[in-house]
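A quick note: this is a predicted structure, and the numbers were derived from the prediction, not measured. Basis for what follows: all heavy atoms, side chains included, without hydrogens, waters or symmetry-related copies.
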Amino acid sequence: MDLKKTSTRNSNTILVISNIMNGYQMSRAKISELTGLNKATISEIVRNLIEDQYVVEIGAGESSSAGGRKPIYLEINKKAGISFSIDLRSDQISSLATYLNGEVIEKYTEHCKISKENVIERLVNHVQEFNTKYTAKPFGMIGIAISIHGVVDENQISFTPYFDIDEIDLVKELEDRLNIPVYIENEANLSALAEAAYDHEHTHLISFSVHTGIGAGIILDRQLFRGFKGRSGEIGHTILYPDGIQCACGNKGCFEQYGSFTSLIRRFQTLKKDDQCTFDDLIEAVEQEDAETTLLIDHFAKDLSIGLMNIMGTYDPEVIYVNSEIFDKLPNILSIIEKHLDRSIYKSIQLSKSKLGSQSSLYGATVLNLKNFLSLDEVKFDIGYTSTAAVRSNK
């Protein structure tokens, strides 16, 4: 069955898969009720999905108060395929493998310098190593989705400010070597897809990522908003201070020169007059209540609050999820940001620390893989699936 063919029959099949994937205790009768398709049509579609191993029956539920036959519950055949996600940074490769329901198989992190010269071999070896240990039939590895810390448009990298992988055709070279579909997307956009997959309450949300740079993934009415050329969330390159610090993008005074993880470390090194100072040193200074460092954190939080206010005013989300190692190690910084936020008409917008943390773009890449493989507009997950069966780290 080719789910990507356009026809009424396939549209109905995708509608059924969507309900099974995103629903709870789905039976043929319940799907018929939710979709408006008659029971005979639902039964035929489900029979084909079971034959093609997309769906399995998992047992009987309870009869209704009126009696009658017990409903047979359905779910995605999770072990029929594997999604492989990669977060690609200038100094690190992280990966996440899951089954088709988002349940984690393995996580992996390797610290290494990445460039256009070595990225293909490293990624190919990484995927092939995984494939020697895990198999999933009948679909195998359904796709490789890669999180890029830069601008992505139409499955191509158009700009990466801190390494040179925008100078190669990453997707084509990987697909030629691996014979597996490869999808790439901006890191913040994938983080937003992940937050939307686990957040079943909000329809308008933003994932605010603070790493080497700053980005925002924007979900409006449950759909990812990318803009005309994939640049809608490039808030790190909006101007915070005109004629300020030179940025790698060519402009001066960009937000990420003041509010990124890298900028925070640079500020701390300048403060202490020691370019060897690390984030751990900063944490220690905060814990020791060092007055200069406390003031630095306050200034840093104020800069973040200015950028966040601009986001609130531009997109009017219900909630903004903040995602950074900074918020993991300095949880009090959120309250300092709140102190500096001039909410005025934006009092109802929630500001929350992401529960997915540094793994959010990897879970979002899983969403991207599943949306492409199953031709779905939306994917929902259970937060319990983020538990991991295996974790590896190569430092």
Exercise. Pairs in or reaching into residues 163-172: which pass side-chain hydrogen bond (donor to acceptor under 3.5 Å, both in side chains), with residues at least two apart or in two chains?
Worked result: K116-E167, Q156-D169, T160-D166, K172-D176
For this session: Describe, in one word, how the ring planes of F255 and F208 are oriented to each other, choosing from parallel (under 30°), tilted (30 to 60°) and perpendicular (over 60°).
Result: parallel
For this session: May I ask you to test the S158-K229 pair for a side-chain heavy-atom distance under 4.5 Å?
Result: no
Seminar exercise, completed: Nearest heavy-atom approach of S43 to R28 is OG-CD, 4.1 Å
Exercise. With distance as the sole test, does N19 use its side chain to make a donor-acceptor pair with the main-chain N or O of L15 at under 3.5 Å?
Worked result: yes
Problem set entry | Distance, nearest 0.5 Å, that separates CG of L193 from CD of E378 | 10.5 Å
For this session: Given salt bridge (Lys or Arg N to Asp or Glu O under 4.0 Å), test R177 with E173 step by step and report yes or no.
Result: CA-CA 6 Å; R177 292 283 297 275; E173 292 195 39; over 6 Å; no
Exercise. Nearest heavy-atom pair of I20 and I76: which atoms, and what distance?
Worked result: CG2-N, 3.7 Å
Exercise. If we ignore angles and hydrogens, is there a donor and acceptor under 3.5 Å between the side chains of S191 and E187?
Worked result: yes
For this session: Enter the distance from I349:CD1 to K347:NZ here, rounded to the nearest 0.5 Å.
Result: 11.0 Å
Exercise. Looking at L282, D274, D281, which hits side-chain contact (heavy atoms from CB on, under 4.5 Å) with T278?
Worked result: D281
Exercise. Any donor-acceptor pair under 3.5 Å linking the side chain of T270 with the backbone of R266?
Worked result: yes
